[in-house]
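Down below is the structure, laid out as structure tokens.
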Amino acid sequence: MRSTPSAPPSRGAHDPGPVPGQPPVAAPPRGRARLRRLAPRAALFAVLAVGTSGCTSNAFTRMGWPEPITKQGQVALTLWQGSWAAAWAVGAVVWGMTIWAIIFHRKKRASGSAPPQQVRYNLPIEMLYTVVPFIMIGVLFFFTARDENYIDKLSAHPDVTVIVVGSQWTWQFQYPGYKVPGSPTGDVTMNGEPWSPQAGNSQLPVLVIPRDRTVRFDLVSIDVVHAFWIVPFEFKRDLIPGHPNHFEVTPTRLGTWIGHCTELCGLYHSRMLFRVKIVTPAQFSQWIHLQQALQQRAGGAQ
């Protein structure tokens with residue numbers, strides 16, 4: 001007598017099946033189950049990102065922006081951070097909608113259902129992706145124009161005025177508010193020579209300005225176009241022959257930095273450097289009086 005072959009084992013063969021008289025229990029959709037598994041991980045990642053960034057100003061919160069040392073630089077940093085926040089928000093919405101569509105609008109493999117109804121136009125969505133970008137551009141334009149007006153604003157009576165004279169390939173800094181009788185410029189003036197490997201920074205012109213005081217720079221070039229740039233000022237402006245430029249800052253930190261010319265102005269452009277020292281108002285007053293005495297005895301700039 002030949003035996004009847006048994007059915008091959010299959011997945012779920014141990015399941016006794018539904019109980020008679022009770023409706024079958026529906027299995028949760030795979031997409032929702034996957035979302036429930038990923039949600040705690042995403043929340044943990046967000047908490048770690050916020051916790052490690054902290055509330056202090058660091059390279060992460062500044063998004064690569066240098067740490068500013070003026071009030072105007074801080075305004076530029078805030079605009080930069082706001083632009084990044086808007087970009088991250090747009091990215092989160094786009095990626096969120098993309099992932100949501102992938103998870104919840106997949107075609108089931110074995111469903112055999114017909115393709116969804118195809119539509120030609122969706123007026124609300126078309127209005128949305130047309131109007132929203134214009135609103136975003138308008139908001140960014142508003143904040144950019146507002147901050148630009150603040151950065152370009154000039155006080156009627158700044159605390160200190162410095163005339164910056166650029167030439168190939170060094171700088172001259174004149175302080176017209178502080179007189180030196182008998183000197184060629186008539187004011188406290190700092191001269192220097194281009195950087196050299198032998199002398200290093202010892203011969204560079206020194207720009208000294210006080211902290212927490214408004215400092216106005218009048219930029220003048222006597223030969224070609226130069227550019228006046230101190231990196232943590234978060235700002236630079238050209239020196240154009242025959243066209244004086246101006247800008248104003250309020251320093252907020254003490255320290256010494258190196259300034260640059262950022263407009264290719266000839267053979268030794270890269271050596272056109274200077275030192276900028278931000279000191280307390282009392283130290284600035286002492287330095288000015290010392291320079292007045294020294295330059296009056298020497299009959300000219302230092």
Side-chain angles (χ1 to χ4, degrees), residues 66 68-80 143-180 183-192 204-253 255-266 269 272-279 281 284-285 287-288 291 301:
I69 61 172
T70 66
K71 289 184 178 179
Q72 290 76 6
Q74 183 61 47
V75 169
L77 171 61
T78 303
L79 178 63
W80 173 257
F143 285 107
T144 301
R146 183 199 63 179
D147 293 346
E148 184 178 355
N149 290 335
Y150 174 79
I151 293 172
D152 282 337
K153 183 176 63 175
L154 297 176
S155 301
H157 303 285
D159 297 314
V160 178
T161 299
V162 182
I163 299 175
V164 179
V165 181
S167 61
Q168 294 174 316
W169 288 273
T170 188
W171 302 89
Q172 182 186 79
F173 304 119
Q174 303 174 15
Y175 295 80
Y178 305 94
K179 301 300 180 181
V180 178
S183 68
T185 62
D187 306 307
V188 171
T189 302
M190 303 301 295
N191 284 330
L204 295 182
V206 180
L207 171 64
V208 181
I209 54 178
R211 182 185 64 180
D212 299 326
R213 297 292 186 268
T214 55
V215 182
R216 173 171 172 169
F217 296 100
D218 296 331
L219 309 178
V220 180
S221 174
I222 61 176
D223 41 37
V224 298
V225 176
H226 302 282
F228 183 78
W229 185 38
I230 301 168
V231 177
F233 276 17
E234 321 294 358
F235 183 87
K236 63 179 179 179
R237 180 149 285 174
D238 285 351
L239 290 74
I240 303 173
H243 182 78
N245 268 336
H246 318 275
F247 75 97
E248 191 173 291
V249 297
T250 303
T252 56
R253 286 183 53 192
T256 301
W257 293 268
I258 295 295
H260 308 260
C261 172
T262 57
E263 191 77 36
L264 183 59
C265 57
H269 157 73
M272 193 171 169
L273 307 173
F274 62 93
R275 284 185 294 164
V276 54
K277 297 178 64 175
I278 301 177
V279 298
F284 177 77
S285 180
W287 178 83
I288 280 290
Q291 292 301 320

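Remember, it's a predicted structure, so these values are computed and weren't measured experimentally. Start at 1 with the first residue, then count along the sequence.
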Within the side chain of [X], is there an N or O that forms a donor-acceptor pair under 3.5 Å with the backbone of [Y]?
X    : Y    : result
T161 : R216 : no
Q72  : Y150 : no
D223 : Q168 : yes
N245 : L219 : no
R237 : H246 : yes

Point-to-point distance, once rounded to the nearest 0.5 Å, from [atom1] of [X] to [atom2] of [Y]:
X    : Y    : atom1 : atom2 : value
W287 : Y175 : CH2   : OH    : 4.0 Å
R275 : M190 : CZ    : CE    : 8.5 Å
L207 : I230 : CG    : CD1   : 5.5 Å
L154 : F217 : CG    : CZ    : 12.0 Å
I288 : D187 : CD1   : CG    : 10.0 Å
E248 : S155 : CD    : OG    : 3.5 Å

So, using side-chain contact (heavy atoms from CB on, under 4.5 Å) as the criterion, who are the partners of [X] when residues are at least two apart?
X    : value
F143 : L79, V139, R146
P241 : S221, V225
V165 : I163, Q172, Q174, I222
I69  : P232, F233, R253, W257, I278

Can you label the angle between the [X] ring and the [Y] ring as parallel, tilted or perpendicular, going by 30° and 60°?
X    : Y    : answer
F235 : F247 : tilted
W229 : H260 : tilted
F228 : F173 : perpendicular

Note to self: Which residues pass the ring pair (Phe, Tyr, Trp, His ring centres under 6.0 Å) test with H269, not counting sequence neighbours?
What the structure shows: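 Not a single residue meets the ring pair (Phe, Tyr, Trp, His ring centres under 6.0 Å) criterion with H269.
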Closest heavy-atom contact between [X] and [Y]?
X    : Y    : answer
H226 : E263 : C-CB, 3.7 Å
P210 : P281 : CB-CA, 4.1 Å
G166 : W171 : CA-CE3, 4.1 Å
D238 : A227 : OD1-CB, 3.3 Å
V164 : L239 : O-CD2, 3.8 Å
C261 : C265 : SG-SG, 3.9 Å

By salt bridge (charged side-chain N to carboxylate O under 4.0 Å, His left out) - contacts of K277 (at least two apart) =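 For K277 there are no salt bridge (charged side-chain N to carboxylate O under 4.0 Å, His left out) partners, ignoring immediate neighbours.
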What I'd like to find out is whether the side chain of T189 reaches to under 4.5 Å of the side chain of V180, using heavy atoms alone.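 Contact flag for T189/V180 side chains = no.
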| task | For residues N191 and T170, determine if any side-chain heavy atom of one lies less than 4.5 Å from a side-chain heavy atom of the other. | result |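 In short, these two side chains do not touch, never coming nearer than 4.5 Å.
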Report task. Using only heavy-atom distances, determine whether the side chains of T252 and Q74 contain a donor-acceptor pair under 3.5 Å. Result ->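 The criterion, which ignores hydrogens and geometry beyond distance, is not satisfied for Q74 and T252.
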